[in-house]
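Here the structure comes first, spelled out in structure tokens, and everything after it is commentary.
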Amino acid sequence: MDYKLPDVPQHMPACRVTIMNAGFYRAPKSAMLKGDKQGKFWGPALFALIEHPEHGLILFDTGYSTRYYDSTSKLPYSLMRLATPARIAPEDNAVSQLRKLGIHPEDIKTVILSHLHADHAGGVHDFPHSRIYVDRQEWEFGQQSKFKLLTNGYLKDLYRRIDRSALRLLDFDGDGVPYGPFPKSIDLFRDGSMVLVPLPGHSIGQFGMIVNVSNEEKYFLMADAAYFRRNYREGKGGSFIGRIAHYDVRRYEGWFSMLHALEQANPNMALIPSHDPEAYEQFVKSPAPSEAASASKRER
């Protein structure tokens with residue numbers, strides 16, 4: 001199979017991508033990468049701001065928010081906080097960070113949720129004026145009882161107030177078309193700039209997004225298709241404790257060989273797992289050139 005992605009359209013609008021972080025989780029690293037000896041660590045919850053010249057400001061995920069504390073204040077939901085402690089201050093909320101950049105909630109035209117777990121959809125209620133994209137299967141799964149969802153890693157209170165008129169449900173089975181090695185994809189704006197691809201396994205309806213800035217600059221926002229780049233580079237999943245966090249662990253680990261081949265075949269594309277400390281160091285603590293340029297533009 002050819003894992004090289006198609007060239008971008010000649011007259012495609014050029015987006016700007018800024019990788020950001022909202023909160024941290026604490027877990028044994030071996031739970032996410034079997035055999036790792038580091039012990040417990042604080043890992044990031046990355047999200048992305050995309051500036052599209054025609055479709056405005058877009059978020060891919062929102063990370064945690066301080067609503068996590070309210071949602072896990074009482075039993076049985078406090079068990080999630082015990083199992084996976086989180087750390088986020090009000091100024092770390094996505095909406096607070098964006099305000100510091102001069103971006104108000106109503107400026108965000110679109111929020112794309114890779115899936116509905118608390119560390120990805122935690123801040124969605126801060127953007128009531130946005131269109132919200134979610135996979136149809138993911139959304140339907142997320143309408144079960146709060147307790148049943150808790151056992152699958154969801155906190156329903158964090159997304160249950162999404163305005164149904166703003167909700168856009170993605171149907172990869174019905175609307176998806178091939179894109180490179182992916183048998184199904186949805187070109188969100190039909191201009192080649194932002195291509196959504198299904199990545200089920202960690203959750204029933206998880207998907208990622210390929211942002212094509214140019215042939216020389218691409219980003220694969222891969223959510224939790226792998227926790228770390230080392231997962232797919234070394235072909236290792238997590239320990240038994242970590243494996244039970246996935247909806248379908250075999251499908252989750254089944255992506256590793258493809259992700260590795262995709263990375264090798266597309267050296268100009270950065271693969272960004274949402275919880276990888278290495279990606280946090282690279283893109284948040286040391287911004288990539290396009291991110292620095294984007295920040296500079298907003299400051300002028």
Side-chain angles (χ1 to χ4, degrees), residues 1-20 33 44 46-53 58 60-61 112 114-115 170 172 176-202 206-237 251-284 286-294:
M1 179 182 288
D2 184 5
Y3 291 92
K4 180 76 168 63
L5 294 180
D7 286 342
V8 304
Q10 186 175 0
H11 301 294
M12 182 194 70
C15 298
R16 293 181 183 272
V17 178
T18 304
I19 307 300
M20 306 176 75
L33 184 69
L46 302 178
F47 69 100
L49 170 68
I50 300 100
E51 302 172 64
H52 192 290
I58 299 156
F60 181 81
D61 285 342
I112 302 165
S114 65
H115 59 299
L170 299 164
F172 288 98
V177 297
Y179 183 76
F182 295 96
K184 298 172 184 176
S185 73
I186 293 175
D187 184 340
L188 188 62
F189 298 127
R190 301 182 182 180
D191 60 7
S193 64
M194 297 168 59
V195 181
L196 310 178
V197 294
L199 299 168
H202 176 67
Q206 177 181 250
F207 63 90
M209 183 167 74
I210 296 167
V211 184
N212 292 310
V213 177
S214 67
N215 283 322
E216 291 71 40
E217 184 181 352
K218 301 182 180 186
Y219 300 87
F220 186 12
L221 308 176
M222 50 188 284
D224 295 356
Y227 286 135
F228 311 138
R229 291 167 176 159
R230 285 181 61 192
N231 288 125
Y232 63 79
R233 289 173 179 170
E234 299 176 18
K236 291 182 180 179
R251 293 188 79 181
Y252 165 74
E253 294 179 353
W255 287 107
F256 291 173
S257 60
M258 181 181 182
L259 294 171
H260 194 199
L262 195 68
E263 183 177 64
Q264 292 181 316
N266 299 274
N268 293 327
M269 181 171 70
L271 278 69
I272 304 177
S274 294
H275 301 307
D276 192 339
E278 180 183 294
Y280 173 80
E281 292 288 332
Q282 179 180 358
F283 290 102
V284 180
S286 302
S290 71
E291 298 166 6
S294 177

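Model, not experiment: these values are computed from the prediction. Nothing fancy with the numbering, it's 1 onward along the sequence.
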CG of Leu259 to CZ of Arg233: how many Å apart, nearest 0.5 Å? 11.0 Å

Looking at residues at least two apart in the chain, or sitting in another chain, which of them share a side-chain contact (heavy atoms from CB on, under 4.5 Å) with Ser214? Glu216, Glu217

Say whether, by atom type as modelled, one donor and one acceptor occur between the side chain of Arg229 and the main chain of Asp276 under 3.5 angstrom. no

Rounded distance [0.5 Å steps], CG in Leu188 versus CD1 in Ile112: 5.0 Å

Out of curiosity, Met222 CE to Gln206 CD, how far, rounded to the nearest 0.5 Å? 8.5 Å

Do you know which two heavy atoms are closest between Pro181 and Met1, and how far apart they sit? CB-SD, 3.7 Å

Inter-residue atom distance Phe207.CZ - His115.NE2, 0.5 Å rounding: 10.5 Å

Going by the rule side-chain contact (heavy atoms from CB on, under 4.5 Å), which residues pair with Asn215 if we only count those two or more places apart in sequence or in a different chain? Asp7, Val8, Lys218

Please report the C-alpha distance between Lys4 and Asn266 in whole Å, then the side-chain angles of each, then the deciding distance to 0.1 Å, and finally whether the side-chain contact (heavy atoms from CB on, under 4.5 Å) criterion is met. CA-CA 6 Å; Lys4 180 76 168 63; Asn266 299 274; 3.7 Å; yes

Closest approach of Pro53 to Ala14 (non-hydrogen atoms, all atoms of both residues): CD-O, 3.5 Å

Identify the heavy atoms of Phe60 and Ser114 that sit nearest to each other, and give their distance. CZ-CB, 3.6 Å

For the residue pair Trp255 and Pro200, establish whether any side-chain heavy-atom pair is separated by less than 4.5 Å. yes

Treating Asn231 as the side-chain partner and Lys236 as the backbone partner, does any N or O pair qualify as donor plus acceptor under 3.5 Å? yes

Student check: side-chain heavy atoms of Met194 and Phe189 closer than 4.5 Å: yes

Take the angle between the ring planes of Tyr219 and Phe283 and call it parallel below 30°, perpendicular above 60°, tilted in between. perpendicular

Mind jotting down which residue pairs meet the side-chain hydrogen bond (donor to acceptor under 3.5 Å, both in side chains) criterion with at least one end in residues 177-202? Sequence neighbours excluded, please. His52-Asp191, His52-Ser193, His117-His202, Asp173-Lys184, Tyr179-Asn212, Asp191-Ser193, His202-Asp224, His202-His246

Going from CE on Met209 to CD1 on Ile50, what distance comes out if it is rounded to the nearest 0.5 angstrom? 3.5 Å

Taking side chain as C-beta onward, heavy atoms only, is Phe228 less than 4.5 Å from Pro273? no

Between the main-chain N or O of Ala223 and the side-chain N or O of Asp61, is there a donor-acceptor pair closer than 3.5 Å? no

Tightest non-hydrogen contact, residues Tyr252 and Ala226, listed as OH-CA, 3.7 Å

Could you tell me whether the side chain of Leu262 reaches within less than 4.5 Å of the side chain of Met269, counting heavy atoms only? yes

Leu46 to Ala279 - nearest heavy-atom pair and separation: CD1-CB, 4.0 Å

Taking the side chain as C-beta and beyond, is there a heavy-atom pair between Leu33 and Tyr227 under 4.5 Å? no

Does the side chain of Pro198 come within less than 4.5 Å of Phe182's, by heavy atoms? no

To the nearest 0.5 Å, how far apart are CZ in Phe220 and CG in Leu5? 8.5 Å

